[in-house]
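Naming: A, B, ... by sequence-line order, numbering from 1 per chain.
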There are 2 protein chains.
Amino acid sequence: MGKRETTYAMVERSPFFQAAGAAAMQDLLQPSFTQLLPKGTVLFEQGEEAEFLHLLLEGSVGLQAKGDQGGTTIVEIFGAGEIFVAPAVVLRLPYLPSAMALTEIRVLMIPAQHFRDRLAASLDLSRATVELLSRHWRLMVDQVVDLKLNSVEARVSRFLARRVSEEAGAGCAALPEPRAAIAARLGMTPETLSRTLAALETKGRLRRGARGPTVRDRSALVHS
Amino acid sequence: MGKRETTYAMVERSPFFQAAGAAAMQDLLQPSFTQLLPKGTVLFEQGEEAEFLHLLLEGSVGLQAKGDQGGTTIVEIFGAGEIFVAPAVVLRLPYLPSAMALTEIRVLMIPAQHFRDRLAASLDLSRATVELLSRHWRLMVDQVVDLKLNSVEARVSRFLARRVSEEAGAGCAALPEPRAAIAARLGMTPETLSRTLAALETKGRLRRGARGPTVRDRSALVHS
DNA sequence: GGTGCGAATTGACCCAGATCAAGAGCGACC
DNA sequence: GGTCGCTCTTGATCTGGGTCAATTCGCACC
């Protein structure tokens, strides 16, 4: 079937698959299944035992965490091809954040116990997981630095820049996720995000369109 | 020799050692060596190739990162028994942050290539590394949530609470690191940290002494 | 026991971004 | 095609924490 073909092709392209190799992945994926879920679906809730490792095939999901004094943020937004949430699965601990579909998504569900079993048996898979976690740690370090050192405008600019192709150096940065989610990911209010996009437009850095803002010059956006 | 005895005993108590098991650790530690370094020493610089995995035996080190628009922060402060910076070692990539001794330190240096070799050979070590990275990822998630949702006072309170023993519920939170480092870790200026400590003192939450602030009631500090 | 110097505290002021409160689009569904 | 219920944007105001400057503290070294 065509749909299953593309699914496998997408899985194959993910960096995790590359690192683990086809053999290990075959074993891993055998009892997994895909789900098609509408925007807004909660994949799992903060505090639940981890039952699945997720590989996102299409759309984006947000990892949402509650602070202890109340209030929630989005800690990370994952796109197609990315895997979450390995730490909870590995440590057999409750999920630290909840996960919510920010758009309609297609996601591959890998049973947690099966993943742990394969992990204990396969060095290749283990190695790929180490690399995955390393990359994810670096993402979070990057975000912490961003939050601590950069202004709202710089954070928005960096976020948009990561959404336009690096080689083209320009293009339309689609923002299919709700504004509130993006604002939370960037550590600001939706109002401030909106104002900042408006400010970037008057500065000529982008043009706001229906399918998201169009960036004129990617490098000019980041460096200033 | 007594000193080597205690070194090994400390290594043995670290969670990473527990997870990896004595056999794997024996192999890992064979070509490692310890160093005694004064406060202010730079262990490695952001952008250098990773040459060592570090296990901190005594003192504290700060992971310091530069933002791309200039300015630096401290992303994390590690204490005795903790391992850093596995991601750079694993990925054979340059260190993302620099590391600086915030106090006098004793640190075990594990050659990077040796670590990677053992990692590729030992499932136990691999598994321990996966768990280590998972815990470190969670630490960073926690910090991101803290930065996004909590006020300066709440962040300082949480930080102090983690420095007093949980069972006692009170005690002296030694702050041997320079104030500027702690402030950077918490995403604020040294001035604000100072003022916040003063404010917590007038509220009766702590008493400031020479060997760091003494917390009267740990749980009152966190929950308010 | 000065005395010199960097780190920590305190004080006065200011500003980026939050908050509160209207509007403006924009689909979905009758 | 209207109108209900969104999300998004814009406007006005407020405030937490940053900035800059002046002490004061702690302590190594003479």
Inset, instruction - Could you tell me whether B/Arg216 and B/Glu201 make a salt bridge, using a distance below 4.0 angstrom between a side-chain N and a carboxylate O? - result: no
Inset, instruction - Report the distance from atom CD of A/Glu201 to atom P of D/dC8, rounded to the nearest whole Å. - result: 17 Å
Inset, instruction - State whether B/Lys203 and B/Glu153 are salt-bridged, where the test is any N-O pair (Lys NZ or Arg NE/NH1/NH2 against Asp/Glu carboxylate O) under 4.0 Å. - result: yes
Legend entry - B/Asp142 with B/Arg162: basic N within carboxylate O range, under 4.0 Å: no
Inset, instruction - Could you tell me the separation between the CZ atom of B/Arg179 and the P atom of D/dG26, rounded to a whole number of Å? - result: 11 Å
Legend entry - A/Thr103 side chain to A/Ser60 backbone, donor-acceptor under 3.5 Å: yes
Inset, instruction - Would you classify A/Arg155 as touching base, sugar-phosphate or nothing, given that sugar-phosphate means primed atoms plus P, OP1 and OP2, and contacts are heavy atoms under 4.0 Å? - result: nothing
Legend entry - Check: B/Phe44 ring centre within less than 6.0 Å of B/His54 ring centre: yes
Inset, instruction - Pick base, sugar-phosphate or nothing for B/Ala210, based on heavy-atom distances below 4.0 Å to the nucleic acid. - result: nothing
Inset, instruction - Answer with yes or no whether the side chains of B/Ser98 and B/Gln64 bring together a donor and an acceptor at under 3.5 Å. - result: no
Please write out the pairs of protein N or O atoms and N or O atoms of nucleotides 11-16 of chain D separated by less than 3.5 Å, giving the distance to one decimal.
from   : atom 1 : to       : atom 2 : distance (Å)
D/dG11 : N7     : A/Arg195 : NH1    : 2.9

Legend entry - Pair B/Lys148, B/Gln143: side-chain N/O donor-acceptor within cut-off below 3.5 Å: no
Inset, instruction - Let me know the distance between CG of A/Leu175 and P of D/dT9, rounded to the nearest Å. - result: 10 Å
Inset, instruction - Mind checking A/Pro190 for me? I need base, sugar-phosphate or nothing, with any heavy atom below 4.0 Å counting as a touch. - result: nothing
Inset, instruction - Respond yes when some side-chain nitrogen or oxygen of A/Ser194 is under 4.0 Å from OP1 or OP2 of D/dT9, and no when none is. - result: yes
Legend entry - Along DNA chain C, first and last positions that approach a heavy atom of chain B under 4.0 Å: C/dA8 to C/dA12
Inset, instruction - Please determine, by modelled atom types, if A/Arg106 and A/Thr7 share a side-chain donor-acceptor pair under 3.5 angstrom. - result: yes
